[in-house]
Amino acid sequence: MSRYFSRALMSTAAIAVTAVGLVGVAAIDSPAIAETPQSTTGVTTKTAATTKLTKAQQLKAKYGIYPLPVSEKTIKRYHLSNKELKNIKQAQAFANTRKARAVRRCESNHNYKLVDGAYHGAWQFDSGTWKGNGGRRFGRQADKAPRWAQDYVMWKTWKKRGWGPWSCA
């Protein structure tokens, strides 16, 4: 349909708006008008269609990390921040290195529930080291805390002091 013919079908209000250059702003009576361009600049606008995100995309958007190192229930229970989640993921990766596995095997034979006198957990923390590196937040003693928390506190300790606190290193 020609541009001039479609203008003939427009109401008087629409023609006045067209003369100013604001095509598409006024109410249009005719279905033929829908064929005319909505913008004289050629710029198209995107509609606000909602797109459904996958679970992975939702978690990445919410926490900035995927896959999560711990469950969402755990995140809420311990009030873990996005930065802590990233650090926990790094700590888990570090705890699975050859050196860390060897130290953990020597210290506790990989037993995260081990209590050996004043030393607790897989990394055999004494209470001062456990508390001093934030472990108290996850459990009274290391053997009462989840694996990921013990690995996280070990990683924080290792970053500060190296392998010095562990006799098997």
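- Under the 4.5 Å side-chain criterion, counting only non-hydrogen atoms from C-beta, Phe94 is not in contact with Asp151.
- To the nearest 0.5 Å, atom OG of residue Ser127 and atom CZ of residue Arg140 are 10.5 Å apart.
- Ring-plane geometry between Trp155 and Tyr152 is classed as parallel, the angle between the planes falling under 30 degrees on a 0 to 90 degree scale with a further cut at 60.
- In terms of heavy-atom proximity, Asn82 sits nearest to Gly64 at ND2-N, 4.5 Å.
- In this structure, Lys73 has no side chain to side chain donor-acceptor pair (under 3.5 Å) partners at least two apart in sequence or on a different chain.
- Here Arg104 contributes atom CZ and Arg101 contributes atom CZ; the two are 7.5 Å apart, rounded to the nearest 0.5 Å.
- Residues meeting the side chain to side chain donor-acceptor pair (under 3.5 Å) test with Lys160, sequence neighbours left out: Asn133.
- Considering CZ of Arg136 and NZ of Lys144, their distance stands at 12.0 Å, rounded to 0.5 Å.
- Put simply, CG on Leu85 and CD1 on Ile65 are 6.5 Å apart, with the number rounded to the nearest 0.5 Å.
- Hydrophobic cluster membership differs between Trp130 and Leu114, with clusters built from Ile, Leu, Val, Met, Phe, Trp and Tyr side chains linked at under 4.5 angstrom.
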Apply side-chain contact (heavy atoms from CB on, under 4.5 Å) to residues Phe125 and Asp143 and explain how you reach the verdict. CA-CA 9 Å; Phe125 289 106; Asp143 61 303; over 6 Å; no
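- Hydrophobic clustering, with ILVMFWY side chains joined whenever heavy atoms are under 4.5 angstrom apart, keeps Tyr63 apart from Leu53.
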Let me see the working for Glu107 and Ser167 under side-chain contact (heavy atoms from CB on, under 4.5 Å), right down to the final yes or no. CA-CA 8 Å; Glu107 293 284 343; Ser167 62; 3.7 Å; yes
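- One finds the NE2 atom of His120 at 13.0 Å from the OG atom of Ser108 (value rounded to the nearest 0.5 Å).
- Under the salt bridge (Lys or Arg N to Asp or Glu O under 4.0 Å) criterion, Lys83 pairs with no residue at all, not counting sequence neighbours.
- Val115 and Tyr119 fall into different hydrophobic clusters, defined by Ile, Leu, Val, Met, Phe, Trp and Tyr side-chain heavy atoms under 4.5 Å apart, directly or through other members.
- Listed by chain and residue number, nothing satisfies the ring-ring contact (aromatic ring centres under 6.0 Å, His included) test with Tyr112 (two or more places apart in sequence, or in another chain).
- Residues passing the salt bridge (Lys or Arg N to Asp or Glu O under 4.0 Å) test with Glu84, sequence neighbours excluded: Arg137.
- Judged as a side chain to side chain donor-acceptor pair (under 3.5 Å), and not counting sequence neighbours, Asp116 has no contacts.
- Put simply, the side chain of Gln150 gets close to the backbone of Ala122: a donor and an acceptor are under 3.5 Å apart.
- In this structure, Trp148 and Tyr78 have perpendicular ring planes: the angle between them is above 60°, well past the 30° mark.
- If you check the side chains of Asp126 and Thr129, you find a donor sitting under 3.5 Å from an acceptor.
- Judged by distance alone, with hydrogens and angles left aside, the side-chain atoms of Lys156 form no donor-acceptor pair with the main-chain N or O of Ala91 at under 3.5 Å.
- Follow the hydrophobic side-chain contacts under 4.5 Å out from Tyr66 and you reach Ile75 in the same cluster.
- When the shell of 6.0 Å around NZ of Lys159 is examined, it contains 12 or fewer heavy atoms from other residues, nucleotides or ligands.
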